[in-house]
Amino acid sequence: MNKKIRTESVQHLFEAILLLEDTEECFKFFEDLCTVNELLSLSQRFEVATMLRNHETYLKIAEKTGASTATISRVNRSLHYGDDGYELVFSRMNK
């Protein structure tokens, strides 16, 4: 993991997120925490990761999500060479 993000503030944020109990609580918290564009960017990246995992083409992903090829490439790099965070979540979602 990138040591630059392992700060006390980020730890505090993650601990707060882990206290959320359902989707409605997530909507409330993240709407207060993030701008609309920040939240849409995060959700777009997650959608891109989902589609890449399902072997969709960059063209189809760009058309469906509006993501740039640079964003798609960045997410793809994280899927293959990152800390397996996406895979951790995907495996839990499939249970």
Would Phe27 end up clustered with Leu20 when hydrophobic side chains under 4.5 Å apart are linked, directly or stepwise?
no
So, does Glu87 use its side chain to make a donor-acceptor pair with the main chain of Asp84 at under 3.5 Å?
no
With distance as the sole test, does His12 use its side chain to make a donor-acceptor pair with the main-chain N or O of Glu8 at under 3.5 Å?
no
Going from CD on Gln44 to OG on Ser68, what distance comes out if it is rounded to the nearest 0.5 angstrom?
7.5 Å
What is the minimum heavy-atom distance between Leu88 and Ser91, and which atoms define it?
O-OG, 2.9 Å
I need the Glu56 CD to Thr50 OG1 distance, nearest 0.5 Å.
10.5 Å
Side-chain heavy atoms under 4.5 angstrom apart, residues restricted to Ile, Leu, Val, Met, Phe, Trp, Tyr: same cluster for Leu39 and Val48?
no
Going by side-chain hydrogen bond (donor to acceptor under 3.5 Å, both in side chains), name the pairs with one or both residues in residues 13-26, residues two or more places apart or in two chains.
Gln11-Glu15
To the nearest 0.5 Å, atom CG of Leu52 lies from atom CZ of Arg77 at 12.0 Å
Side chain to side chain contact (heavy atoms under 4.5 Å, CB included) between Leu13 and Leu33: does it pass, once the steps are laid out?
CA-CA 10 Å; Leu13 172 63; Leu33 180 67; 3.8 Å; yes
Looking at Ser73 and Thr69, would you say the former's side chain and the latter's main chain have a donor-acceptor pair under 3.5 Å?
no
Closest heavy-atom pair, Phe90 versus Arg53, reported as atoms and distance to 0.1 Å, is CD1-CD, 3.1 Å
Are Met93 and Tyr86 in one and the same hydrophobic cluster, where Ile, Leu, Val, Met, Phe, Trp and Tyr link if side-chain heavy atoms are under 4.5 Å apart?
yes
Value rounded to 0.5 Å, distance of CZ in Phe29 from SG in Cys34:
8.0 Å
Which heavy-atom pair separates Ala49 from Leu79 by the least distance, and what is that distance?
O-CD1, 3.8 Å
Any chance you could measure Met51, atom CE, to Glu63, atom CD, to the nearest 0.5 Å?
9.0 Å
I'd like to know if Leu40 and Ile72 are part of one continuous hydrophobic network [Ile/Leu/Val/Met/Phe/Trp/Tyr, side-chain heavy atoms within less than 4.5 Å].
no
